[in-house]
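Remarks on the structure that follows.
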2 protein chains.
Amino acid sequence: MMMMPNDLMTIRQMCDAFDVTPRTLRFYEAKELLFPHRDGTRRLFTRRDRARLTLILRGKRFGFSLEDIRQILDLYDRDGSNHAQTIRTYELAQQRLAQMEAQRAELDLAIADLKAELDAGEAMIATLRRAAE
Amino acid sequence: MMMMPNDLMTIRQMCDAFDVTPRTLRFYEAKELLFPHRDGTRRLFTRRDRARLTLILRGKRFGFSLEDIRQILDLYDRDGSNHAQTIRTYELAQQRLAQMEAQRAELDLAIADLKAELDAGEAMIATLRRAAE
DNA sequence: CGTTACACTGACGTTAACGTCAAGCACTCT
DNA sequence: AGAGTGCTTGACGTTAACGTCAGTGTAACG
């Protein structure tokens with residue numbers, strides 16, 4: 001055990017750990033979502049990058065754009081300077097929270113609808129089964 | 001009052017009612033999501049089209065693709081024939097329901113996370129306010 | 001009958017989020 | 001030295017969901 005000297009990971013280790021392609025990680029760096037260090041030319045991803053990537057992937061799962069996510073991520077690592085910007089970002093995040101809660105309400109509705117349809121389908125299939133005997 | 005002879009609507013009436021562009025409605029027709037009648041060359045949208053469009057727009061709001069939506073819509077207007085296909089579609093919808101419930105669970109988590117961050121931000125801003133007096 | 005208003009059909013443009021080469025370093029093993 | 005492996009940077013390709021524009025048609029109005 002000295003196979004992970006620091007907590008820095010190569011691009012391949014990252015890909016295996018998060019099930020993404022190298023292209024994706026480079027793309028996220030280009031979009032300033034990740035900031036890996038360099039060993040000469042090679043990328044080395046830090047613990048911070050992994051935390052961010054976790055949030056990126058979570059955000060993507062319910063339809064946020066990478067640009068949305070980038071702005072949210074900025075909320076996570078303010079250092080206390082740049083107060084005005086902090087407050088603006090805070091307000092932005094509040095808006096987004098409202099959106100998300102509205103989205104959940106609609107999702108609840110849609111799930112109820114779909115469940116009703118499924119019950120109807122089930123009844124119909126049962127009928128078909130009986131007719132087939 | 002005889003301005004709505006049947007319950008058929010022109011493309012413009014549809015656009016106004018649903019806040020979409022003509023291009024969008026034509027596109028949905030091309031993708032076989034809508035099936036407006038024709039008066040010569042002009043489209044006339046039925047009550048059924050309106051019901052479908054409502055579901056299309058709802059589906060889009062939480063990130064389903066039009067192709068996903070098209071398959072779900074098929075569940076809504078089975079006529080009882082083509083049983084095998086009905087059952088397959090039913091199973092497909094069940095899978096999607098599971099996805100949606102998983103998605104909601106994650107959404108709940110993310111909302112909690114974001115709320116925590118917002119509370120932190122609030123405390124920080126309060127501190128800044130006090131420091132500014 | 002001319003014009004205005006609205007609709008139609010192509011067909012090309014656009015954005016997001018990567019995929020997919022191509023070509024070239026930098027190590028390491030043999 | 002040569003071969004292989006892994007990483008790098010361009011740069012062009014791709015899909016979804018429309019936007020946008022050009023050219024044409026037609027129904028109604030004055």
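Note on naming: letters A, B, ... go to the chains in the order of the sequence lines (proteins, then strands), and numbering restarts at 1 for each one.
- Contact between the side-chain N/O atoms of A/T10 and the OP1/OP2 oxygens of D/dC7 is found at a separation under 4.0 Å.
- Across all their heavy atoms, B/M14 and B/M9 have their closest contact at N-CE, 3.6 Å.
- B/R23 meets the salt bridge (Lys or Arg N to Asp or Glu O under 4.0 Å) test with no other residue; sequence neighbours excluded.
- Distance, B/L66 CG to D/dT15 P: 16 Å, rounded to whole Å.
- Checking the phosphate oxygens (OP1, OP2) of C/dA16, no side-chain nitrogen or oxygen of A/K60 falls inside 4.0 Å.
- A straight line from CD1 of B/I11 to C1' of C/dA5 spans 15 Å, rounded to a whole angstrom.
- One can place CZ of A/R12 at 20 Å from P of D/dG4, the figure rounded to the nearest angstrom.
- Going from atom CG of A/L44 over to atom P of D/dC7 covers 11 Å, rounded to whole Å.
- Rounding to the nearest 0.5 Å places CG of B/L55 at 9.0 Å from CD1 of B/I69.
- Counting to the nearest Å, the P atom of C/dC8 and the CE atom of B/M14 are 12 Å from each other.
- Between B/D7 atom CG and B/R48 atom CZ the span is 13.0 Å, to the nearest 0.5 Å.
- Atoms NZ and CG, from A/K60 and A/L57 in turn, are 7.0 Å apart once rounded to the nearest 0.5 Å.
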Legend entry - Where protein sits on nucleotides 23-28 of chain D, one letter per nucleotide: B base, S sugar-phosphate only, - none, heavy atoms under 4.0 Å: --BB--
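- Atom CG of A/L34 is separated from atom C1' of C/dA17 by 14 Å (rounded to the nearest Å).
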Please output the side-chain donor-acceptor pairs of residues 24-35 of chain B that fall under 3.5 Å, not counting sequence neighbours, one pair per line with the distance.
from: B/T24; atom 1: OG1; to: B/T21; atom 2: OG1; distance (Å): 2.9
from: B/E29; atom 1: OE1; to: B/R43; atom 2: NH1; distance (Å): 2.3
from: B/E29; atom 1: OE2; to: B/R38; atom 2: NH2; distance (Å): 3.1

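- To the nearest angstrom, C1' of C/dC6 lies 14 Å from CZ of B/F45.
- Taking only side-chain nitrogens and oxygens, A/T21 never comes nearer than 4.0 Å to OP1 or OP2 of C/dC18.
- One distance of note links CZ of B/R70 with CG of B/D68; it measures 10.0 Å at 0.5 Å rounding.
- Every residue meeting the salt bridge (Lys or Arg N to Asp or Glu O under 4.0 Å) condition with A/R12, not counting sequence neighbours, appears here in chain and number order: A/D16.
- Atom-to-atom, CG of A/D39 to P of C/dC27 comes out at 8 Å; the value is rounded to the nearest Å.
- Taking the side-chain hydrogen bond (donor to acceptor under 3.5 Å, both in side chains) definition, one finds that B/T46 meets it with B/D49, sequence neighbours left out.
- In the region residues 23-33 of chain A, proximity to DNA chain C at under 4.0 angstrom, judged on heavy atoms, holds for A/R23, A/T24, A/F27, A/Y28.
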